[in-house]
Amino acid sequence: MEKIMVVGAGQMGAGIAQVCAQAGFHVVLHDIDLARVEKGFDRIVENVRRQREKGKITEQDENTTLQNIEITTDLHKGKDRDLVIEAAIEKMDTKKQIFRQLDKITPKTTILATNTSSLPITELASATNRPEKVIGMHFMNPVPVMKLVEIIRGLATSDETYLTVKKITEQIGKVPVEVNDFPGFISNRVLMPMINEAVYALQEGVATKEAIDEIMKLGMNHPMGPLELADFIGLDTCLYIMEILHQGLGDDKYRPCPLLRKYVNAGWLGKKNGRGFYVYE
Ligand SMILES: CC(=O)CC(=O)SCCNC(=O)CCNC(=O)[C@H](O)C(C)(C)COP(=O)(O)OP(=O)(O)OC[C@H]1O[C@@H](n2cnc3c(N)ncnc32)[C@H](O)[C@@H]1OP(=O)(O)O
Ligand SMILES: NC(=O)C1=CN([C@@H]2O[C@H](COP(=O)(O)OP(=O)(O)OC[C@H]3O[C@@H](n4cnc5c(N)ncnc54)[C@H](OP(=O)(O)O)[C@@H]3O)[C@@H](O)[C@H]2O)C=CC1
């Protein structure tokens, strides 16, 4: 297995493409238009340049990584891939449409993985004729730094698919941890209600955003406060995840905070577009 495609060149897709290319895989990085895919590639160029300047990698490693990546807006480039990792927006309809197309384009042997944060793998797999080859590969942000990949098995995911994906995860220097297919898996079932509660505390005027973040950083040794982390993840992604937890688990304790929804409706999506709870240059 050596040829990978990453669909969606946003913050996650670019990071996934980078770590796969650094591990020696050939990667096709796809997004819906050239500006988006070029932005993703530029992010990788910047990351590997920083790593080389810090002496973490050699100039040759930097060049090889970049040479291992091909950018495209054509999903048909998936026709010779062994593994596709989808990292488009957190919307079931969008992801199902991508999976339907990939099912037609890629060889029957290709594994179709998704980096979804919360959506059911089993339902996504039903959009294909190969549910045994569909699996969740949930990377953490920022991908080049975070060690974990949550591996989620759908109802029909085969042992062979699971073992192959586990091996690739290890080859790219990450630690796979297996979970079953429930909304939000483990990572976001635990993390996102904390973030949502921090937004409720802000909405209710319990403390300022700075105080909330400071308390969780200094008091609990979290590297980022929950509101800073929400901005880092993307407020749209946080809202989608809360909606999936709310619908999927059917418990009002997961209801998204209205202030979170308000910010997303205002177009304040966090660090990625310059404004969320905080303002970024
Ligand atoms: C929503 C989901 O579905 C799941 C999720 O991903 S939830 C989010 C999970 N992620 C987290 O919780 C991240 C929490 N934050 C952190 O761990 C840290 O703040 C952090 C690693 C992001 C930055 O760490 P820091 O010590 O404050 O900053 P800094 O010293 O600048 O960076 C540490 C290293 O990370 C690298 N780094 C930081 N941000 C980076 C980025 N966006 N991309 C690539 N590398 C990055 C730096 O280059 C540096 O590398 P070296 O050690 O090789 O020098
Ligand atoms: N942010 C995080 O911390 C984490 C996110 N995830 C998951 O990763 C996925 C991507 O998130 P993230 O990278 O943060 O989001 P981004 O918004 O940064 O990137 C998503 C990218 O996919 C593009 N896109 C939209 N539709 C399609 C399509 N049909 N085909 C190909 N590309 C498409 C988007 O374009 P456009 O700009 O037009 O929307 C955008 O460029 C989501 O499923 C998310 O839940 C997983 C772990 C952590």
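All values reported here derive from a predicted model rather than from experimental measurement. Note that ligands are numbered from 1 as they come in the structure, with each ligand's atoms numbered from 1 the same way.
Of all the listed residues (Asp31, Ile244, Asn188), Asp31 holds the heavy atom that lies closest to atom 41 (O) of ligand 2. Which of Gly8, Ala14, Ala88, Gly15 comes nearest to atom 9 (C) of ligand 2 through a heavy atom is settled by distance: it is Ala88. The heavy atom nearest to atom 15 (O) of ligand 2, considering only Glu90, Lys272, Met12, is found in Lys272.
Applying the side chain to side chain contact (heavy atoms under 4.5 Å, CB included) criterion to Asp181, with sequence neighbours excluded, gives Pro120, Ile121, Thr122, Ile152, Phe185. Taking Glu204 as the reference, Tyr200, Val206 meet the side chain to side chain contact (heavy atoms under 4.5 Å, CB included) condition, with sequence neighbours excluded. Remark: Phe139 engages no residue in a ring-ring contact (aromatic ring centres under 6.0 Å, His included) (not counting sequence neighbours).
Between Tyr263 and Trp268, the two ring planes are perpendicular [angle over 60°; tilted spans 30° to 60°].
A side-chain N or O of Arg81 and one of His26 form a donor-acceptor pair less than 3.5 Å apart. No side-chain donor from either of Arg52 and Thr65 sits under 3.5 Å from a side-chain acceptor of the other.
Looking only at distances, no side-chain donor or acceptor of Gln101 sits under 3.5 Å from a matching main-chain atom of Leu75. A donor-acceptor pair is defined here as one N or O able to donate and one able to accept, closer than 3.5 Å; such a pair exists between the side chain of Lys174 and the backbone of Met146. Under a 3.5 Å cut-off, the side chain of Asn129 and the backbone N or O of Asp103 do not form any donor-acceptor pair. At least one donor-acceptor pair under 3.5 Å links the side chain of Lys95 to the backbone N or O of Ala88. When atom types are taken as modelled, the side chain of Glu150 and the backbone of Ile186 share a donor-acceptor pair closer than 3.5 angstrom. Glu86 places no side-chain N or O within 3.5 Å of a backbone atom of Lys96 that could act as its donor or acceptor partner.
For a threshold of 3.5 Å applied to N or O pairs, the pair formed by Thr94 and ligand 2 contains no separation below that value. Taking distance alone, with nitrogen or oxygen atoms compared against 3.5 Å, Glu86 stays at or beyond that limit from ligand 2. Between His30 and ligand 2, no N or O atom pair is found at a separation short of 3.5 Å. Ligand 2 has no N or O atom lying under 3.5 Å from any N or O atom of His138, backbone or side chain. Of the polar atoms of Ala9, none of the N or O atoms is found under 3.5 Å from an N or O of ligand 2, judged by distance alone. Residue contacts with ligand 2: Phe139 is placed with no nitrogen or oxygen under 3.5 Å of a nitrogen or oxygen of the ligand (distance criterion only).
The contact set between ligand 2 and Lys95, taken as ligand atoms under 4.0 Å from a residue heavy atom, comprises 42 (C), 43 (O). For ligand 2, the atoms lying closer than 4.0 Å to a non-hydrogen atom of Ile98 are 28 (C), 29 (N), 30 (N). Residue contact check: Val7 has heavy atoms under 4.0 Å from atoms 31 (C) of ligand 2. With ligand atoms numbered from 1 in the order given, ligand 2 contributes 44 (C), 45 (O) to contacts under 4.0 Å with heavy atoms of Thr237.
With hydrogens left out, the protein atom closest to atom 3 (O) of ligand 2 is Asn141 ND2, 3.1 Å, a heavy atom. Counting protein heavy atoms only, atom 8 (O) of ligand 2 is closest to Asn115 ND2, 3.0 Å. For atom 18 (O) of ligand 2, the closest heavy atom belonging to the protein is Gln11 N, 3.1 Å. In this structure, the protein non-hydrogen atom closest to atom 39 (O) of ligand 2 is Ile89 CG2, 3.5 Å. For atom 6 (N) of ligand 2, the nearest protein heavy atom (residue, atom name, distance) is Ser117 OG, 3.1 Å. Closest to atom 1 (N) of ligand 2 among all protein heavy atoms lies Ile233 O, 2.8 Å. If you check which protein heavy atom lies closest to atom 19 (O) of ligand 2, you get Gly10 CA, 3.3 Å.
Heavy atoms of Gly234 stay at 4.0 angstrom or farther from ligand 2.
Residue Arg36 touches ligand 2 through its side chain alone, judged by heavy-atom distances below 4.0 Å.
Looking at Val179 and His138, their side chains never come closer than 4.5 Å, going by heavy atoms from C-beta outward.
Both Met137 and Leu163 are part of a single hydrophobic cluster, where members link through side-chain heavy atoms under 4.5 Å apart.
The nearest pair of heavy atoms linking Ile4 to Cys20 is CD1-SG, 3.9 Å.
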Show the numbers, then the answer: is there a side chain to side chain contact (heavy atoms under 4.5 Å, CB included) between Thr128 and Arg100? CA-CA 6 Å; Thr128 74; Arg100 248 179 242 118; over 6 Å; no

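Of the options Val48, Asn47, Ile44, a side-chain contact (heavy atoms from CB on, under 4.5 Å) to Gln22 is made by Val48 and by none of the others.
Residue-level contacts of ligand 1 at the 4.0 Å heavy-atom threshold are Asn47, Arg50, Lys54, Lys56, Ser117, His138, Met140, Asn141, Pro142, Pro144, Val145, Met146, Asn188, Leu191, Pro223, Met224, Leu229, Ile233.
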